[in-house]
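So that the names make sense, note that chain A is the first sequence line, chain B the second, and so on, each numbered from 1.
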There are 2 protein chains.
Amino acid sequence: MASILPEVLRNTPLFANLPPEDLRRVAEIALPRHYEKKDSIFREGERADGFYVVGVGRVKIFKLSENGKEQVLHLIGPGQSFAEATIFEGGTFPAHAEALEGCDVVFLPKRPFTDLLEKNPRIALRMMASLSRWLKRMTDLVESISLRDVEARLVRYLSDELAVGGTPIRDGAVLDLNVSKTVLASRLGTVPETFSRTLKKLQDEGKIRVKGKQIRIMKADSLFSILD
Amino acid sequence: MASILPEVLRNTPLFANLPPEDLRRVAEIALPRHYEKKDSIFREGERADGFYVVGVGRVKIFKLSENGKEQVLHLIGPGQSFAEATIFEGGTFPAHAEALEGCDVVFLPKRPFTDLLEKNPRIALRMMASLSRWLKRMTDLVESISLRDVEARLVRYLSDELAVGGTPIRDGAVLDLNVSKTVLASRLGTVPETFSRTLKKLQDEGKIRVKGKQIRIMKADSLFSILD
DNA sequence: CGTAGGGTTGAGGTTAATCAAGTATGGTGG
DNA sequence: CCACCATACTTGATTAACCTCAACCCTACG
């Protein structure tokens, strides 16, 4: 299975289009790992000794409150990396990570990787760009959670998902929520009950049509008009 | 005034303890700027052509909702840098920045600085560490806003402020809120009314004593016990 | 003094969480 | 293939947090 490793690395923005030689060096220090559904990948506060690249499957990154409520920060899919930040500064993970399904990931251990960074300004620059993107995402998440109601957050999420999927935004467009509604509710900073009711409300208003995880956009204009 | 510039740079973690030669190079491309109270430093969506280091004064970084409500993301003080992330990836600022009082800041223009980064792995590593710290802060902010009630957020803020001020946490300790209560309310993701009521509640319970911007901790144990 | 900005207080309304119960759904073993 | 179980999801009723609106106070500063 070591043969798919370079392939995984090549598909992550961090290492895409890297000279073969650099890629080989990264591959040399990378460790393939597998997790089953619901397996914990790391827990908040645990010693952080590296970061991850997803090859197959989905991972949720989340915070837990003392009374057990969870806030999903990110949903990570194939090609994406996560926990990069932990290899600089601070030796512990700031959140939990759990496999949402069977996952093949690649682990990049801290020390060998930072050594590599020091000699590879190209990778270092990409690393900074990646950290910057995470920062932007978190900034948007804060804005979303604190400044918008659940309906607006949901609509924005649908809009963003259509965008990343490359689906043109028009009536009849279909979107597949790739995760359970419970997880999605938590990502949107709410609970399953409220999430369910919000979907129903939008459906009753004729703006969307819900069938399982399929969302069909019926009135794109009025649906997305609440976003500025 | 150019003489204080190296001093400002030396006081920011990004450039502290840098070899004099590196520091000189940074200073060469740095541009001192001044802002009066309430001046906008940049607005969300504006083209981002560099980042900032604060020499004197305080800056608030915030998001605005369409109906005018604001969420303060960060309060930046002397020695701190902000908007570093914008010089990689994404050409626009993800939030607004405004001077809370008269401010002397240093502006580091994007292009010359990235050129410098490519030749200076040492600075690049620090830059990544700095980005990582911001990321951690944002992660904590999300958790705080979405998983805790206003009282818990306020108490945590007090705890954090005591920590950064180096004040030992014990009964009788006094803390000065360096910003207006209105700004602080927004930083905590609430409104002045709720903030005021929450302070009053803690005072009525005998846990703190409020006099203007001075907060005296009266019962540290019971006050901070709600934080796990 | 008089005004303005920040701060406080009270009443009322709204959003969304909680609690409780019931209905799909999907995977597993018989 | 079906029965069963666990899990996910939905729906309704109730509650709690906190936002909004409105009025008022207080202090600083011209």
- Message: Run A:L147 and B:K63 through side chain to side chain contact (heavy atoms under 4.5 Å, CB included) and show every step you take.
- Response: CA-CA 8 Å; A:L147 260 26; B:K63 281 272 193 180; 4.0 Å; yes
- Might you work through the side chain to side chain contact (heavy atoms under 4.5 Å, CB included) test for A:L75 and A:L100, ending with a clear yes or no? CA-CA 9 Å; A:L75 296 169; A:L100 286 173; 4.0 Å; yes
- Query: Does the pair B:V155 and B:L202 meet the rule for a side chain to side chain contact (heavy atoms under 4.5 Å, CB included), with working shown?
  - Reply: CA-CA 9 Å; B:V155 171; B:L202 291 175; 4.2 Å; yes
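Rounded to whole angstrom, the span from the CG atom of A:L177 across to the C1' atom of D:dC9 amounts to 13 Å. As rounded to whole Å, 17 Å separates atom C1' of D:dA17 from atom CZ of B:F195. Rounded to an integer number of Å, the gap from CZ of A:R148 to P of D:dC19 is 17 Å. Taking atom CG of B:L199 as the reference point, atom C1' of C:dG7 lies 11 Å away to the nearest angstrom. Separating the NZ atom of B:K37 from the P atom of C:dG5 is a distance of 10 Å, rounded to the nearest angstrom. If you measure from atom CG of A:L184 to atom C1' of D:dT10, you get 16 Å, rounded to the nearest angstrom. The nearest whole Å value for the distance from the CG atom in B:L154 to the P atom in D:dA17 is 16 Å. Distance A:K211 NZ to C:dT25 P: 10 Å, rounded to the nearest Å.
The overall bend of the helix from C:dC1-D:dG30 to C:dG30-D:dC1, read as the angle between its terminal helix axes built from five base pairs each, is 40° when rounded to 10 degrees.
Residues passing the side chain to side chain contact (heavy atoms under 4.5 Å, CB included) test with B:R33, sequence neighbours excluded: B:Y35, B:Y52, B:V105, B:F107.
Taking only side-chain atoms of A:T182, from C-beta outward, the nucleotide of C:dG7, D:dA8, C:dA17 with the closest atom is D:dA8. Distances from the side chain of A:T190 to the nucleotides C:dT15, C:dG7, C:dA17 place C:dA17 closest. Proximity note for B:K200 (side chain, C-beta onward) versus C:dT9, D:dA8, D:dT11: the nearest is C:dT9.
Residue B:G212 is out of contact with every strand shown, counting any heavy-atom pair closer than 4.0 Å. Heavy atoms of A:V150 sit under 4.0 angstrom from primed sugar atoms or phosphate atoms, though from no base atom.
For the pair B:D160 and B:R156, the salt-bridge criterion is not met [side-chain N within less than 4.0 Å of a carboxylate O]. With respect to the salt-bridge test (charged N to carboxylate O, under 4.0 angstrom), the residues B:K201 and B:E205 qualify.
Taking only side-chain nitrogens and oxygens, A:K181 comes nearer than 4.0 Å to OP1 or OP2 of D:dT10. Applying the 4.0 Å criterion to OP1 and OP2 of C:dT8, one finds that B:S196 has a side-chain N or O inside that range.
Nearest heavy-atom pair across B:A30 and B:L5 is CB-CD2, 3.8 Å.
In this structure, the side chain of B:Q71 engages the main chain of B:R187 through a donor-acceptor pair within 3.5 Å.
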- Task: Go along nucleotides 21-30 of chain D 5' to 3' and tag each nucleotide: B for a protein heavy atom under 4.0 Å from its base, S when only backbone or sugar atoms are that close, - otherwise.
- Result: BB--------
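Using a 30° and 60° split on the angle between ring planes, A:F42 and A:F82 fall in the tilted class, from 30° to 60°.
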